[in-house]
Amino acid sequence: MRAVVLDLDGLPELADIPEPAGAGLLVRVQACGLCGSDVEKLGRAAAGTVLGHEVAGELENGARVTVMHRVPCGTCEPCLAGHQSTCSEFRELRIAPGGFAEQLRASHCVPLPDSVGDHDGIWVEPLACVLRAAELVPPGRVLVVGAGAIGRLWIQVLILRGHEVLAADPRADRMAGARGVGAEVDEGPVAAAVLTAPAGIGAAVQRLEPGGTLVVFAAPEEEVPVSLDAVYRKELVVRGSRSATPAYFRDAVELLPQLVLPPVTTLPLERFLEGVELYRRGDALKVVFTP
Ligand SMILES: [Zn+2]
Ligand SMILES: [Zn+2]
């Protein structure tokens, strides 16, 4: 089957690889979203890696599903403390190979109802991550930093949870998109800030009220300077949140049909590098590959 495989330099190339054998349900991939964490791994992950975990697919019996690529044990100390993504079992991949392939095998599939549109299953995993992290946001006004695809999901989730939501993004077109899904624009103080674009951390920390919460939701591409002085003087709470757990996948499937989904750029696997470039340049809000 065809798949995008990383070569010895960690760079993606289209290759022919054996169909996945072994345990797990066979999933025919219909679409797979490109995640920032996939792009981060280019040039770094081991040769032979097939990336991609935001999958919309179909089982052999025709059932539509998405997959969970990582699953915590649920019973260890980190899991019970709410830090499931640091569980040692969470490191194990539950899909083989990855989503940028014609097929994969998955140990944990989540059924998709008809209310979830054609390729929209690719949004379940990112939305599940947002729903898990949203629990860390205290009541009040929230600033969503970065109005890309993930920022737009955040804005809608926070509004549904009863927050007043502001958005910040240096790009005018992205701010227009944020307003389109209900965000307000204002420079005032906020009780919490969600960083979907870590480069905006400086302004976010400044705008946080004393005792405010900063939720770090994306890995910084490079070290970003943080005013520890502000963290100290305003007694800020800084929380990281990465990835999702099974319960949030189910919540995400239920919530998805109610959301305005960000526009996607759909490309065939053959055009993988082009898709990565569109994402890197910010010319595509969300890139989705179809095998
Ligand atoms: Zn992801
Ligand atoms: Zn655990």
Side-chain angles (χ1 to χ4, degrees), residues 4 6 12 27 29 31-42 44-45 49-57 65-95 97-101 104 106-110 112 119-134 146 148-154 157 194-198 215-221 240-249 251-253 255-256 259 261-262 264-265 272 275-276 278-280 284-289:
V4 173
L6 300 190
V27 179
V29 178
C32 184
L34 180 69
C35 174
S37 69
D38 294 322
V39 177
E40 234 176 79
K41 291 186 182 99
L42 297 177
R44 294 185 194 168
T49 300
V50 176
L51 297 169
H53 55 267
E54 301 172 354
V55 174
V65 294
T66 189
V67 301
M68 288 189 249
H69 67 302
R70 296 179 191 278
V71 180
C73 80
T75 55
C76 71
E77 221 173 286
C79 276
L80 294 176
H83 297 296
Q84 294 94 335
S85 76
T86 67
C87 165
S88 60
E89 275 193 27
F90 201 77
R91 267 179 249 140
E92 277 167 45
L93 275 177
R94 307 300 183 118
I95 58 174
F100 300 132
L104 56 83
S107 60
H108 292 68
C109 293
V110 185
L112 297 176
H119 288 170
D120 293 348
I122 67 117
W123 292 106
V124 173
E125 191 268 348
L127 180 58
C129 299
V130 170
L131 292 177
R132 174 166 175 262
I150 295 299
R152 288 198 200 187
L153 295 182
W154 263 105
V157 165
V194 176
L195 281 184
T196 74
V215 176
V216 181
F217 191 71
E221 275 165 48
S241 183
R242 176 180 152 257
S243 227
T245 60
Y248 292 104
F249 270 80
D251 291 350
V253 168
L255 181 63
L256 198 59
L259 302 185
L261 296 175
V264 302
T265 302
F272 188 82
V276 170
L278 285 174
Y279 174 86
R280 278 191 170 138
L285 218 46
K286 182 73 176 177
V287 179
V288 172
F289 294 104

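First listed ligand is number 1; within each ligand, the first listed atom is number 1.
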Interatomic distance, Phe249 atom CZ to Leu131 atom CG [nearest 0.5 angstrom] = 10.5 Å
Report yes or no: does Cys35 have an N/O/S atom closer than 2.8 Å to the Zn ion (ligand 1)?
-> yes
To the nearest 10 degrees, calculate the angle at the Zn ion (ligand 2) involving SG of Cys87 and SG of Cys76.
-> 110°
Can you tell me the angle formed at the Zn ion (ligand 2) by SG of Cys73 and SG of Cys79, to 10°?
-> 110°
Is there a donor-acceptor pair under 3.5 Å between the side chain of Thr196 and the backbone N or O of Gly146?
-> yes
Between the main-chain N or O of Ser243 and the side-chain N or O of Arg132, is there a donor-acceptor pair closer than 3.5 Å?
-> yes
Hey, what's the ring geometry for Phe289 with Phe100, parallel, tilted or perpendicular (30° and 60° as the breaks)?
-> perpendicular
